[in-house]
Chemist: 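Please find one structure pasted underneath; my questions will follow.
If you read the sequence from its start, that first residue is 1, and numbering goes on from there. All of these numbers come straight from a predicted model, not from anything done at the bench.
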Amino acid sequence: MVKTPSGAVVHVEAYGSKEAPPVVLIHGASGSTYDMTFSLAPALMDSHCVYVIDRPGFGHSPRMKDESLAAQARVLREAIQTLDSRSAIVLGQSYGGAVALEWALQSDDLAALVLVSSPSHDWETGHPLLHRTLAEPVIGWWASELIHALTPQWVIAKQLAEVFAPQEVPEGYADHFQPRNSIHPPRHRQNARQRIALKAEMAAMVRRYDTLTLPIESLHGTADVIVPDHVHALPFDAKVASNALTRLDGIGHMPHHVATEAVVEAVKRASSRAATHCNPD
């Protein structure tokens, strides 16, 4: 656990050599360090010092009162700077990509940014009824308790399969990730509130994208129906000159598990571009 200067407590795990270039991994909605430590952290630890973070309220990190993207980015930045003063590559997947984007917009201390299946823009559709229900103060408490108590294992397995579709869930992932933790009632309610708030937060962020000049590598599956690339990755690439987009043909929402080498290569490209960006001569 790392206590930040502002008093927040964040769970951070470190892998690889402390002398290697630092990369920070930020998990998505309903996730935890267990997601990033299954495939991606092991694949990066030979070449990087890998910091894997539990966002506040998820995994082993205590919840914060302020659940906004801005507050999360600030606290995660403080936690990493407490451990390592070097400029890091920050990688975020799905909702974690939105946190990573906000981090880059807040501060110029990043070496580079890597976005994996990341939202970057507002979207036209409304919020699912389940999220709206869970976000309500009273009915959300009862709903989350009932969901946690009554949801059978086959439903959890089906939902996990939908997240990975059209690819299969990797063997051993469910045991490692422990998906039932995602519907732990306080965590489930927080996730719903954050996903509802995300639309407005994204809309506000778009207006600031012209300030981004650091090296950015983004990866997005063409078959991602959770965060569609035509809504997010393609408009972002068109708007941000320093972004290099890699579209992964036929890949869904979880490239860091089903196309891990492509993500590792993106981190390596980001590292190389960061060195050039800092030392243009």
Chemist: Distance-only, no hydrogens or angles: does the Arg195 side chain make a donor-acceptor pair with backbone N or O of Tyr95 under 3.5 Å?
Modeler: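 No, the answer is negative, given that no donor and acceptor are paired below the 3.5 Å cut-off.
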Chemist: Does a donor on one side chain sit under 3.5 Å from an acceptor on the other, for Thr4 and Ser6?
Modeler: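 Their side chains do contain a donor-acceptor pair, which is all the 3.5 Å distance test asks for.
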Chemist: If you apply the rule side-chain contact (heavy atoms from CB on, under 4.5 Å), what do you find for Leu91 with Met36, and how did you get there?
Modeler: CA-CA 10 Å; Leu91 180 152; Met36 289 297 182; 4.1 Å; yes
Chemist: Under 4.5 Å between any side-chain heavy atoms of Lys18 and Asp84, yes or no?
Modeler: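 Sidechains of Asp84 and Lys18: no contact.
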Chemist: For Arg187 and Arg63, run side-chain contact (heavy atoms from CB on, under 4.5 Å): C-alpha distance rounded to whole Å, both residues' side-chain angles, the deciding distance at 0.1 Å, then the answer.
Modeler: CA-CA 9 Å; Arg187 192 171 298 136; Arg63 181 174 165 262; over 6 Å; no
Chemist: Does any part of the side chain of Ser120, heavy atoms only, come nearer than 4.5 Å to the side chain of Pro235, both counted from C-beta?
Modeler: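 Sidechains of Ser120 and Pro235: no contact.
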Chemist: Please step through side-chain contact (heavy atoms from CB on, under 4.5 Å) for the pair Val169 and Met254, ending with a clear verdict.
Modeler: CA-CA 9 Å; Val169 179; Met254 303 292 271; over 6 Å; no
Chemist: Looking at every heavy atom in both Ala79 and Val2, which two are closest together, and how far apart are they?
Modeler: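 Closest approach of Ala79 to Val2, heavy atoms only: O-CG1, 3.8 Å.
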Chemist: What distance do Ile216 atom CD1 and Thr213 atom OG1 have between them, rounded to the nearest 0.5 Å?
Modeler: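 Here the interatomic distance stands at 8.5 Å.
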Chemist: Looking only at heavy atoms, which two atoms of Ala262 and Leu219 are closest? And how far apart?
Modeler: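 Heavy atoms only, the tightest pair is O-CD2, 3.5 Å.
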Chemist: Could you tell me whether the side chain of Ser61 and the main chain of Gly57 form a donor-acceptor pair under 3.5 Å?
Modeler: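 No, because the side chain of Ser61 does not come within donor-acceptor range (under 3.5 Å) of the backbone of Gly57.
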Chemist: Is there a donor-acceptor pair closer than 3.5 Å between any side-chain N or O of Glu201 and the backbone N or O of Leu69?
Modeler: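 Such a contact is found between Glu201 side chain and Leu69 backbone.
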Chemist: Indicate the atoms forming the closest heavy-atom contact of His148 with Ile183, along with that distance.
Modeler: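 Minimum heavy-atom contact is CD2-O, 3.2 Å.
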Chemist: Does a side-chain heavy-atom distance below 4.5 Å link Asp54 with Val10?
Modeler: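 No, every pair of side-chain atoms sits at 4.5 Å or beyond.
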Chemist: Answer yes or no: is there a donor N or O on one side and an acceptor on the other, between the side chain of Lys239 and the main chain of Asp210, under 3.5 Å?
Modeler: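 No, the answer is negative, given that no donor and acceptor are paired below the 3.5 Å cut-off.
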Chemist: Kindly compute the distance separating CZ (Arg180) from OG1 (Thr151), expressed to the nearest 0.5 Å.
Modeler: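 Output value for this atom pair is 6.5 Å.
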Chemist: Are Arg269 and Glu265 ion-paired here, with the side-chain N under 4.0 Å from a carboxylate O?
Modeler: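 A salt bridge is absent here (no side-chain N lies under 4.0 Å from a carboxylate O).
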Chemist: Looking at side-chain heavy atoms only, is the closest gap between Leu76 and Tyr51 below 4.5 Å?
Modeler: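 SC-SC contact between Leu76 and Tyr51 ruled out.
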Chemist: What's the spacing between Ser271 OG and Leu44 CG if we round to 0.5 Å?
Modeler: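 Rounded to the nearest 0.5 Å, the OG-CG separation comes out at 10.5 Å.
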Chemist: Is Phe236 linked to Val99 within one hydrophobic cluster, defined over Ile, Leu, Val, Met, Phe, Trp and Tyr using a side-chain heavy-atom separation of less than 4.5 Å?
Modeler: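 Shared cluster, yes.
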Chemist: Can you tell if the side chain of Ile147 reaches within under 4.5 Å of the side chain of Ser144, non-hydrogen atoms only?
Modeler: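 With C-beta onward as the side chain, the pair stays apart.
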Chemist: Do Arg55 and Gln190 have side-chain atoms, one donor and one acceptor, less than 3.5 Å apart?
Modeler: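 No, Gln190 and Arg55 have no side-chain donor paired with an acceptor closer than 3.5 Å.
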Chemist: Please determine whether residues Leu83 and Val23 belong to a single hydrophobic cluster, defined as Ile, Leu, Val, Met, Phe, Trp and Tyr linked transitively by side-chain heavy-atom distances below 4.5 Å.
Modeler: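 Leu83 does not cluster with Val23.
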Chemist: Is there a side chain to side chain donor-acceptor pair (under 3.5 Å) between Thr33 and His60 once you walk through the steps?
Modeler: CA-CA 9 Å; Thr33 53; His60 301 288; 5.5 Å; no
Chemist: Within a strict 4.5 Å, meaning less than it, do heavy atoms of the Pro5 and Thr82 side chains meet?
Modeler: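 Heavy-atom side-chain distance check passes, below 4.5 Å.
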Chemist: Can you see which heavy atom on Gly140 is nearest to which on Arg189, and at what distance?
Modeler: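 Scanning both residues, the minimum pair turns out to be O-CD, 3.5 Å.
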Chemist: Just so I know, are the side chains of Val227 and His220 near enough to count as touching, which here means a heavy-atom distance under 4.5 Å?
Modeler: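 They are in contact (side-chain heavy atoms under 4.5 Å apart), so the answer is yes.
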Chemist: Measure the spacing between CZ of Arg273 and CG of Leu113 and express it to the nearest 0.5 Å.
Modeler: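 These two atoms lie 10.0 Å from each other.
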Chemist: Could you tell me if the side chain of Gln167 sits less than 4.5 Å from the side chain of Ile251, heavy atoms only?
Modeler: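 The answer is yes, as the side chains (C-beta and beyond) meet within the 4.5 Å cut-off.
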Chemist: Can you confirm if the aromatic rings of Phe38 and Phe177 lie within a centre distance of less than 6.0 Å?
Modeler: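 Here the rings of Phe38 and Phe177 have centres that are no less than 6.0 Å from each other.
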Chemist: Out of curiosity, does Ile80 fall in the hydrophobic cluster containing Leu110 (side-chain heavy atoms, cut-off under 4.5 Å, transitive links)?
Modeler: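 Yes, same cluster.
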Chemist: Which value, rounded to the nearest 0.5 Å, describes the distance between Arg207 atom CZ and Leu105 atom CG?
Modeler: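 It comes to 12.0 Å.
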Chemist: Please assess Arg86 against Cys49 for the test side-chain contact (heavy atoms from CB on, under 4.5 Å), listing each intermediate value before the final yes or no.
Modeler: CA-CA 11 Å; Arg86 296 174 295 171; Cys49 176; 4.2 Å; yes
Chemist: Report the residues that fulfil side-chain hydrogen bond (donor to acceptor under 3.5 Å, both in side chains) with Ser218, sequence neighbours left out, ordered by chain and then residue number.
Modeler: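 Checked Ser218 against side-chain hydrogen bond (donor to acceptor under 3.5 Å, both in side chains); matches are Asn243.
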Chemist: Please report the shortest heavy-atom distance between Met202 and Ala98, naming the atom on each side.
Modeler: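 Residues Met202 and Ala98, closest heavy atoms: CE-CB, 3.7 Å.
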Chemist: So, the side chain of Gln194 versus the backbone of Ala29: is there a donor-acceptor pair under 3.5 Å, distance only?
Modeler: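 Here the side-chain-to-backbone pair does not exist.
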Chemist: Hydrophobic clustering (ILVMFWY, side-chain heavy atoms < 4.5 Å, transitive) - are Leu25 and Val116 grouped together?
Modeler: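 Same hydrophobic cluster.
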Chemist: Considering all heavy atoms of both residues, which atom of His232 and which atom of Pro119 are nearest to each other, and what is their separation?
Modeler: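 That closest heavy-atom pairing would be ND1-CA, 3.4 Å.
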Chemist: Spell out, as yes or no, whether a donor-acceptor pair under 3.5 Å connects the side chain of His253 to the backbone of Asp224.
Modeler: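 Checked: no pair found.
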Chemist: According to the interplanar angle, ranging from 0 to 90°, do the rings of Phe164 and Tyr173 count as parallel (below 30°), tilted (30 to 60°) or perpendicular (above 60°)?
Modeler: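 Ring orientation, 0 to 90° scale: perpendicular.
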Chemist: If I take atom CG from residue Leu115 and atom CD1 from residue Ile26, how far apart are they, to the nearest 0.5 angstrom?
Modeler: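 So the CG of Leu115 and the CD1 of Ile26 are separated by 10.0 Å.
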Chemist: Does Glu261 CD have over 12 foreign heavy atoms under 6.0 Å away?
Modeler: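 Enclosed: over 12 neighbouring heavy atoms sit under 6.0 Å from CD of Glu261.
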Chemist: Determine, using the 4.5 Å side-chain heavy-atom cutoff (strictly less than), whether Leu40 and Leu160 are members of one ILVMFWY cluster.
Modeler: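 Yes, one cluster joins them.
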Chemist: Okay, side chain of Gln106, backbone of Ala70: is any donor-acceptor separation there less than 3.5 Å?
Modeler: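 Checked: pair present.
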Chemist: Surrounding CG of Leu146 (heavy atoms of other residues, nucleotides or ligands, distance under 6.0 Å), is the total greater than 12?
Modeler: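 Above 12, so yes.
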Chemist: Would the distance check show the side chain of Asp122 and the main-chain N or O of Ala203 forming a donor-acceptor pair, the cut-off being under 3.5 Å?
Modeler: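 Side chain of Asp122 to backbone of Ala203, a donor-acceptor pair under 3.5 Å: no, none is there.
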Chemist: Regarding Ser32 and His11, do their side chains bring together a donor and an acceptor under 3.5 Å, going by distance alone?
Modeler: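 On atom types as modelled, these side chains do not qualify, holding no pair under 3.5 Å.
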Chemist: Check side chain to side chain contact (heavy atoms under 4.5 Å, CB included) between Gln178 and all other residues, then give those that pass, not counting sequence neighbours.
Modeler: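 Gln178 satisfies side chain to side chain contact (heavy atoms under 4.5 Å, CB included) with Tyr34, Asn181 only.
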Chemist: Looking at Glu102 and Arg208, is any side-chain nitrogen of the basic one under 4.0 Å from a carboxylate oxygen of the acidic one?
Modeler: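 Glu102 and Arg208: salt-bridged.
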Chemist: Examine distances only and state if a side-chain atom of Ser242 and a backbone atom of Leu214 form a donor-acceptor pair shorter than 3.5 Å.
Modeler: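 Yes; judged by distance alone, with no hydrogens or angles, the pair exists.
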Chemist: Please check this pair: side chain of Thr222 against backbone of Gly250, looking for a donor-acceptor N/O pair closer than 3.5 Å.
Modeler: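 Yes, because the side chain of Thr222 sits within donor-acceptor range (under 3.5 Å) of the backbone of Gly250.
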